[in-house]
Structures are given as C-alpha cells and as structure tokens.
Amino acid sequence: MPSDAAQESGLSPDVVPAPPRVANTSGRAVLFMRRGLIGLAALIVVEAVLTLSFFGLLSAHQRTLAHEALPALLQAQTMARMVSQLDNEARALFSMQEPFAIESRLFQIGVMTRDLADAITRMPDASRKGELMATLESWQVLLIRIDEVQRRQIAAHERWLMRTSQIANLHRRIESSRHLSDSERYLALDAAGLLIAANATLDAAEIDTLARRFTRVLEKTRGGLSDAGLIRELTLGAAIFADRIDRLRQELHLRHLGDRLVLLDSLVDAVETIAEELSRETQLQADTAERRLFGMMWVLFAIIVAGIAIAFFGVVLVNRRILHRLLQLQQAMQAHVRGTPEPIPISGDDEIADMGRSFEHFVGKVGRREASLQETIAHLNTARESLVEAEKLASLGGLVAIVAHELNTPIGCAVTTVTTVLNEANKLNDKIGDGKAVGRKSLTEALERIATGSRLVESSLARAAKLIDSFKSVAIDQQQSERRKFQPAEILAHVAEATEPALKAAGHTITLKFEKVQEADGYPGALGQAVLQLIENALKHAFPPGTSGEVQLHCRPFASGRFQIEVCDNGCGIPNELLPRLFEPFFTTKMNQGTGLGLHIVHNIVRGLYGGEIQVDSRVGAGTCFRLSMPLVAPQRETASILATLQ
Amino acid sequence: MRCWASLQLAISVSCLVLASAAFATDFRPAVVFDTHQIEAAGFNREALNGALAFQRLHGVKVSLLTPKESTSHDAPLTSLIDQAIKEGANPVVAIGFIFREPIAAAARRYPHVSLVLIDAVVQAPNVQNLVFREEEGAFLMGALAALASSTQAIGFVGGMDIPLIRKFACAYAQGARHVAPAVRVTVAMNGTTVKAFYDTAGTARLAKAQYDQGADVIFHAAGAAGHGVIETAQRQGKLAIGVDFNQNGMAPGHVLTSMLKRMDVAVYLALRETRDGDWRAGTRELGLAENAIGWALDRHNIRLVKEAWHGRLTDLQFDILARKIVVHRYDGTAACPYVDFQ
C-alpha cells in the first residue's frame, strides 16, 4: 500500500523504505487489558454472588423466625396464661361450700384443661409434649380427687352441723328432764360438755382424751341414770368423736390437696422451659446466622480488598505499560504536528510500539513527500515567474509593434515630404547654381512648396513626438513602483491613448467618460497596468473576429474616499460558470493566446496592492463590465511587495 | 421490817411491770447468725426470710448481725451478741445450735435481755429455746421413702454421729416400717466430728454404697454434706431426700422431697411472741402442728410424689397430730427400736 501511495503521489517509488516489520505482537497490550477487565468483572460477579447469598441467608433466617419461632413463642405464652388461669380457678375451688358451685367450677376447669390439652397438641415441639400431657393427666386425676375430698368435706360439715344441733337438743333435754337427780344431771351435763368440746376442738389429739373421759363418764351414768332415753342418746352421741376426727382429717387432706396445685407450677415450668428453649434456639439460630454472616463478611471484605489491590496494580500497570507510553506517543505526534519533531518512542514489542514504528514510518514518508512537493512548487514558481515575465515582454512587444506602426505613418510621411522638400531645394539650388535665373514666381512657388513640405514634416513629426510621449508616459508608469499623488483620469487617458491605436486597428472604438475625481495617492503605474490589462483582455477575448465593438472607460467618484473605474465592453460576455474562476492564475479559455495571468495580475493589484474591490458583471452576448472600487489613498506597501505584486 | 419487806415487794412488782412495759415500747429485736453468707440457700436463709417477713408485716426494724466470716468458734459469736446488746437490742434471737455456748454466756452477763436460741437448749431464766420435733418429719420421710421405693430398700446418710442425727435416723426407720414392715433400712453416718457435716465426698461414697446395695431412696441428715448424697442420686438415677430446707431444685427429678425445718417459722414466732409479751423462758417445741416441720412439695417433685402417697402421708401426719402414732424420740438414753446404732 505505501508503494501505491508513492506511485499515486507521483514520487519515485524506488526511494520508499520498507514498512516497519509486523512482529507477532498481535494483542499483547489488548490481551493484557482484556485479561485485567475480565478479572475485575469476575471479582464483581463473585462479590455480587456473595452479597446475594448474604441476603438469602438473612431472609431465610427471618422466615424461620417469623414462621416458626415467633408463633411457637406466642403459643407458649398463651399456654402459660391458660395455666395461670387454671391455677386461679382451682384455688378458688377450696373455698367453696355449695356442691353445685363446686360442680360448675369443676366443669369450667375441665373445659379449660381440655383447651390447654389442645394447645399442647398443637405445639410444634414434640419432645416435651409427652411430659406435658402426662402432667395434664395427673392434673385431671387431682381434680377428681379434689372433687371427691371436697364432697366428703361438705358431707362431714353437714354432719357436724347435725351433730351440733343434736348436742344442743341433748343439752336442753338434760336440763329439762324431770327424771334426773342432781348428781345424775351433773354427770349427764359433764358428758354433754365433753361432746361439745370434741365437736369444737381443732386439736385431733384432744379428741382422743375427750373420748376417753366421755367413756368413763358414760360408764358412771350407765348404772344409775333414771332416764333411759337420755342414755341412749348420749351413747349415740359418742359418734361425734369419730365424726370430728374424720372432719379434721378431711380438712388436712383438703389442705394437702391444695399443696398439690404446685402441679400447675410444674406445668408452667414446662411451658416456660419450652418458651426458653424456643427462644434459646431462636437465639442460637440468630447467632449461627450472625456468625456465618460475619464470616462471609470477612470473605467479602477480603475479596474487596483483593479487588482494590488488583485494581490498583492494574491501574499502575496499565498506566506504566500503556497509558504512559500512549501519552509519550501522543506528545511525539503533537510535536511532529507543531513542527518541532521529537523522537518517537518505538521501544517495546506490542501494539503501541507498532503504532510508534508505523507513525515514524509515515513521518518519514510524509517528510520525503513534502520535500519533493517543495521542489515542485519551486519549479512551478520559477515557471510562473518566467511566464509573467514573458507576458510582460509580450505586452511590451505588442506596445513596441503598435508604436512602430503608429510612428510609421507620420515618420514615413515626414521622410517622403522631406525628400520632396530636399528635391525642391536641390532643384532650386541647381537653378541658382546654374546661374539660371530663377524667376521670382518659380522661387516663390519653390519656397511655397518647401514651406508646405516643412509644415507637413513638422506636423508629422509633432504627431510622432506626441505618440512617443504618450507611450513613454505609459511605459514609464508601468515600470514605476513609486508612490505619488496623481489624477486617476490622467492615468486612464494615457492608457486609452496608448491602447487606442490597437483597438482602432482591430476595428473597435474606445469611449472615455471621466467625471471629476479627487486627487488620489497611490501607485499610478500599477493602476495603469491593471486598466491596460483589462482593456487588452477585452480586446483579446470580448470580440469575436470580424466584429466591431466598443470599450467604455469610466472614472467616477464612489462612496467616500473611493473612486470607481469601470471598464466595459459590449462583447460576447463570459459564461456564468466561468466567473468564479476568472481571477485564478493560469486560467484561460484560449490556451494558445494567453497565459491566463492577466486578470490574476489585475486582481493582485486591485485587491492586494490597493485594498480595493473588483466586481464583474457579465451577460453572454451583451458584454462584460469590470468595476474597480479603489481607495483614494492606497495603503502603504513595501517596495518589495509592490514589485512582487506587479510581477 | 415488814414495811421494808412490803416496800421491796412493791418495788419488785413495779419493776416487773415497768420491765414488761419497757419490752412493749422498747422492742428492738436483733437476729444473729454464725455466717455472713445468709443470702445463700440454707437454714440461715430461711431464718433471714422469717426476720424479713416479720419486719415487713409489723413495720419493726430487725437488726441482722453476722460475723465477718463464717466461724466454728464461740468467741466471735459471743462478741457478736455483745455488740447486738450494746446497740440496745432486745430480744436477741440466735440462729443455730452453734450459739449454745455464746447464748449461755450472754444469759449470765445480760440477765435483763430476753434471749431466744433456735435449734438448741440452754437452761437459763432469760433464755427461750425453740427446738424442732425433727422426728415427726423424719417419720414421714421414712414412710414416703418406703412408699416410693420399688426395691423395698432405703437408706439414711447422717452427718456427724450425734444423738440429734440418730433421732432422725430412728424416726425415719420407724416411718418406713410403719407403711412397709418388710422394708430394709440402711443407716450410715459420715463421721464423728463436725467435719462430717461438710464432707460431701464422704456422704457421696456412703450414698453410692447404699445405692449399690439396692437402696433406691436415701434420706440425708448431713447438713452441707448432704449435697454429696443428692449428687450421687442424680448420677445414679436414684432418689434422695433433702433436709432442713427445700433442696428439691438441686437435682430436679432426683430429690423425692425435702424435710423442712422451718427456721423462718421459728424466727417469726420468736419475734412475734416477744413483741406481744408472750415471751416465756424455757424450751418450746415446734413440729407438724405448728407447721414448723413439714416436707416440700413444689414444681420439682410434684410428679415424683404420687397423689396416693401424699394421701397416705396426710393420714400419717393426722395420726401423729392426733397422737395415734407416737414417733420415737431418740435422745441417747434409750436404744432405738428400729435401728441398731451399736
């Protein structure tokens, strides 16, 4: 490819050096970057997976807590509340005396017990269920026993009430009996008193003593008591001691059954243990989850640290191996762009080094190409200068031809006339030398002819002198680069005068129309040259051969500090598509007639030297108008630049 | 002379009246302990509970005095009583038989101060002794052990071999025989010095031997050394019976029950009676009837003590209260008919 380019550019292909070697470096830096990026991406993926699993673990734990542990704890609490309620109900049982009240209360307790049993059955923890159910069974047995003892206690109480009234009756009977002697009555009252004491005592041991005393008293009375009925009643009353003992025993039993209500405490204990175990288990689960999370956190932390370290080293490596070298390469490239070349870094064996080598190769190539271009441009410039020179010479040559042609007529006329006058003079001299008489008439006629001839010669020479003066003026101005004050109309008049013969010769006319314009300060020579070029251009291009046309030269003030020069013709006009290229150097439609520099020179003078404007109006078939808008005071220029413009 | 005599009589009578009035108005009770660790479970803790209950119920400040550290010597305890009395305490209640000598000394030095000694006896005009009818409790424990024993072999591990402990053992054997005449009762003592009340290794060894010989329930009356028995019961999967205070919770499921010597009841009773002016010198016995002796039924053993056994014990208790059963009271003077102590 580089050799192709060289061929296209027209450079000789044999000087192109070989392109930099394409080493097997394919993708070293790229591979390095790619591997680094893949590694980082893998790290991010691992971190993401770990984080997700953290959340998974957390939510699983939350789920367990919400769906198992908490409901179980609530259940345990409910059970504890039920047990405590049961305890209250059962304790109230001991203070009841009415059988139906006891029965209904027991019924209530039975329902509550069943509820509790149901709650226990629903418990998720199976290990303690058996124990709880066994306790509950014991509780039910205890309830039955309490019921039994309570009933017995009530019966004993009723019997006691009956005994109390029995004793009261007995007492009344003893007091009211008329059959008893005083000693008998005393004994009977003694026995009855023992019965009353036994019926009232709380000390079981005392009852025995009282019973023994009662027996002794009864033995005394049995012999001599006159009221047999009373004796029978007293004997029957002996059952009071057994009843009282029984009552006290039942009371003790009942009290001890009350002690057994601690069974409910064990139930509460069991429920509390379950709750504790549940909460401990929950805590344990939470702890395990926390530990696991903590462990995973460390792993994540380690991975993040590793990731940061890897990223850091990656950045350092990328910076050193790629970015830094890329920057060096870029700086070297920019330096080349700026035109202060620096050595291009080409060390290494990867893509960047390749890029450096390739750039270096191209820089070399571009340098060579530029050198050859410079050479070409120099050639071209020389050629252009020669052409301009040639044009100028051609222009001068044309002028000389015109001058020669113009002078030919008056000078020829003068020579002929002078020859005639000389002949006349010689003839007259001969006549005088021969001594012949010269007639006054013939002398006068001769002198008249000489005078006429001389006048003719004088007018012819005057005409020639005038022509020469005119040409001289144009020629001198054209060559001058001096700045001076001038009247534009004068310059135009000279140009018109200089070109008129050529125009006339071609059958064209020139019309001048000068308005009063202020004195200008600038380069009249250059201006004249520009106008001359325009007129010549019209002469050359505007009129097809065999036609006669008109060139109008106008000069008028224009805007403030400006004047306008108009060079118009009524020729064939310029096609629109050519107008934009009109002032390009070497642009010509008639390759064999012009150099294509004329209008370019005009453009240079008007725009470049004078800082004026140039405008072209043209219609095909109607003619062309060049309007030069010139400043009255041209900008100051260096002589060298003026000369350059003119050339 | 007669005048003088009647005057003296009048003075002494009025002194008595004033003294009792002083008791009523200047009632500043103090309770002295033999250890500073009264918060720990034990009979001191029970005594403390009694004092605190009295304080709370009657709004009377009860001074609690403890030595700097536990001691088995009399001197620090004597100075403790001195300190209490110097601070104006009256009555002074001393907890434990260890105060026997210090109280005897204090009784001589401070004849005007009412002293109450719990769990020991000092004969003095200003000392009230509160003792327990431990044999009643021990009898019930024996009965319960016999009821609970599936091997019909039960054991007893005592602390120091002294009449008090033998009293326990004797009544225990009596109770067991009462409900199960064929039951085998093994009795062992941990030693003959005070150390026997603290040597848990010794009691553990004795208990293990008894369990190995087929006993499945052992009653200990070995104070702090009883832990050895309870621990062994737990290790062997057998039953033990605690003493003095509730030890059911020490090894739930392995302590059948604990015979209670209700120190709290005794202390409360002593304080209340003194305040009410019912303080009387001499010895007062506290037993089942006063609810000062009993056995513990709580959440830890409710399922161990079957309802039927409980009913049986209730009957036995009633019979003791009704004196239908007379529990043997071993005092060293006569042999125990149920245990051969050699």
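Below, read A as the first sequence line, B as the second, and so on, with proteins coming before strands; counting in each chain starts at 1.
Options A/L264, A/L248, A/L267 differ in how many heavy-atom pairs under 4.5 Å they form with chain B, and the most are formed by A/L248. When each of A/I207, A/L263, A/L257 is checked for heavy-atom pairs under 4.5 Å with chain B, A/L263 comes out on top. For chain B, the option among A/D208, A/D259, A/I245 with the highest count of heavy-atom pairs below 4.5 Å is A/I245. Most heavy-atom pairs under 4.5 Å with chain A, from the set B/I320, B/D298, B/L313: that is B/D298.
A search for ring-ring contact (aromatic ring centres under 6.0 Å, His included) contacts involving A/W139 returns nothing, not counting sequence neighbours.
By the 4.0 Å N-to-carboxylate-O rule, A/R249 lies close enough to B/D319 to be salt-bridged with it. Here B/E134 pairs with B/K167 in a salt bridge; the nearest charged N to carboxylate O distance falls below 4.0 Å.
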Stepwise, does the side chain to side chain contact (heavy atoms under 4.5 Å, CB included) test hold for B/N49 with B/Y268? CA-CA 9 Å; B/N49 286 347; B/Y268 182 84; over 6 Å; no
When you look at B/H310 and B/W295, which way does the side chain to side chain contact (heavy atoms under 4.5 Å, CB included) test go after all the steps? CA-CA 11 Å; B/H310 191 169; B/W295 52 281; 3.7 Å; yes
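Between the side chains of A/D203 and A/T201, no donor N or O sits under 3.5 Å from an acceptor N or O.
Contacts of B/N301 with chain A are absent, with no heavy-atom separation under 4.5 Å from either backbone or side chain. Only the side chain of A/S138 comes within contact range of chain B, with heavy atoms under 4.5 Å apart. Both the backbone and the side chain of A/E131 come within contact range of chain B, each with at least one heavy atom under 4.5 Å from a heavy atom of that chain. Contacts of B/K324 with chain A are made by side-chain atoms alone, with heavy-atom separations under 4.5 Å and no backbone atom involved.
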